[in-house]
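Counting starts at 1 for both ligands and their atoms, in listed order.
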Amino acid sequence: MVVFELERYATEDGPGIRTVVFLKGCNLRCTWCQNPESHLIKPQVMYYKNQCVDCKKCVAACPTKSVSHVIPFGYITDHNTCILCGACVDACFYNARKIIGEEKSVEALFEEIMRDRCFYEESGGGVTFSGGEPLLQADELSVLARMLKKEGIHTALETAGHVKWEAFQKVLPHIDLVYHDLKHIDSQEHKTYTGVPLEQILSNISRLSREHGNVIVRIPVVPGVNDDPAAITSMMEYITKKTAVRKVELLPFHRLGAAKYEGLGWIYQMAAVQNLAKESCEPIAEIGRGLGLEVQIGADQEGQES
Ligand code: SF4
Ligand code: SF4
């Protein structure tokens, strides 16, 4: 499996204390994505401009001439030609370069996750698979999730749902809780802001909610994209009428991922958009509550399941 981060002692993505396994590779390109390093499934060299002293040792060390100085970013890697040899990382004495993403066997990941078993047991926690899109690695994920369930570990999945239903079928028997994103309800707008059509996602949410029973819909609230009352009302109405989901989490936009885009040499399209305060989401939360949904602003910290 290709993993780009293993976050231990996490408390926001499911009940209790958890390990969040961030899997690399995503088939959406949401303009507000806070984890751009998850987009490509292969590992990538990340550059940290604030630590760079402009010595150019990385340029000299690269055997494929993949490092070049790109304005305004700095010493950026061409991910198309990089062979991930690590020479530029070793040559940098200032820790301004790092390879993000690592291939790990299912067994190695299982062992790593199980190191914190006592925390899961004491807190009612477990493991959350996030990304990227974890279901792009559904075959391996189903094996890992099954191994964890066999040990009595609680499992949660975060997905954007732009996959065939067969991918869900592989993992769902071993997953206790699913967080499913819904980013827009207008098909054209959805494609504009995420790069993919909406229809399969809606179909998956609906079927998932009927067949699994423990599904929370997460709506990233993004200024100028989906935060107007009409768009939110349409999303909430869809959830109440077409799915069996009864709990929604609104995730206010923040700019935490901005520096990562620069480190990859990519333009951050949300540069002009400011963080959205939690309180600003109260009026739109009320829209959902008025329709009978339980609506929470921010990720689940209490371990409440729908
Ligand atoms: S990892 Fe190797 S190939 Fe890739 S940019 Fe660095 S030196 Fe070049
Ligand atoms: S080797 Fe490190 S410090 Fe030197 S130019 Fe490259 S990234 Fe910057």
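Taking a cutoff of 4.0 Å between a charged side-chain nitrogen and a carboxylate oxygen, K149 and D176 qualify as a salt bridge. Contact check on R218 versus D181 returns no salt bridge, with no Lys/Arg side-chain nitrogen under 4.0 Å from an Asp/Glu carboxylate oxygen. Under the 4.0 Å criterion applied to side-chain N and carboxylate O atoms, R289 and E282 are assigned as salt-bridge partners. E112 has a carboxylate O that lies under 4.0 Å from a charged side-chain N of K104, or vice versa, which qualifies the two as a salt bridge. Remark: E151 engages R117 in a salt bridge, criterion side-chain N to carboxylate O under 4.0 Å. Using a cut-off of 4.0 Å between Lys/Arg side-chain N and Asp/Glu carboxylate O, D139 and K170 are scored as salt-bridged.
Within ligand 2, the atoms closer than 4.0 Å to a non-hydrogen atom of K56 are 4 (Fe), 5 (S), numbered from 1 in the order shown. Heavy-atom proximity to C62, at under 4.0 Å, picks out these atoms of ligand 1: 3 (S), 5 (S), 7 (S), 8 (Fe). Taking every non-hydrogen atom of Y47 and a distance limit under 4.0 Å, the qualifying atoms of ligand 2 come out as 7 (S). The ligand atoms of ligand 1 that sit less than 4.0 angstrom from a heavy atom of V67 are 5 (S). Under a 4.0 Å criterion applied to the non-hydrogen atoms of A96, ligand 2 contributes the atoms 2 (Fe), 7 (S). Residue I83 has at least one heavy-atom neighbour below 4.0 Å for each of these atoms of ligand 1: 3 (S), 4 (Fe).
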*Step by step, work out the side chain to side chain donor-acceptor pair (under 3.5 Å) result for K260 and Q34.*
CA-CA 8 Å; K260 298 183 194 174; Q34 61 181 353; over 6 Å; no

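Atom 4 (Fe) of ligand 1 has an N, O or S atom of C82 closer than 2.8 Å. Taking backbone and side chain together, C52 holds an N, O or S atom under 2.8 Å from atom 8 (Fe) of ligand 2. Within the 2.8 Å limit, C58 places at least one N, O or S atom next to atom 6 (Fe) of ligand 2.
Residue contacts with ligand 2 for R97 involve side-chain atoms from C-beta outward but no N, CA, C or O (heavy atoms, distance under 4.0 Å). By the criterion of a heavy-atom distance under 4.0 Å, the side chain of T64, and not its backbone, is placed next to ligand 1. Residue-level proximity to ligand 1 for T81 is absent, since no heavy atom of it falls below 4.0 angstrom.
Nearest protein heavy-atom contact of atom 3 (S) of ligand 2 is V53 N, 3.4 Å. Nearest protein neighbour of atom 6 (Fe) of ligand 1, counting heavy atoms only, is C88 SG, 2.4 Å. Here the heavy atom of the protein found nearest to atom 4 (Fe) of ligand 2 is C55 SG, 2.3 Å. In terms of protein heavy-atom proximity, atom 2 (Fe) of ligand 1 is closest to C85 SG, 2.4 Å.
Listed by chain and number, the residues in a side-chain contact (heavy atoms from CB on, under 4.5 Å) with Q269 are T31 (sequence neighbours excluded).
Using a 4.0 Å cutoff on heavy atoms, P63 counts as a contact of ligand 1.
Residue-environment remark: CD (E103) stays at or below the threshold of 12 foreign heavy atoms within 6.0 Å.
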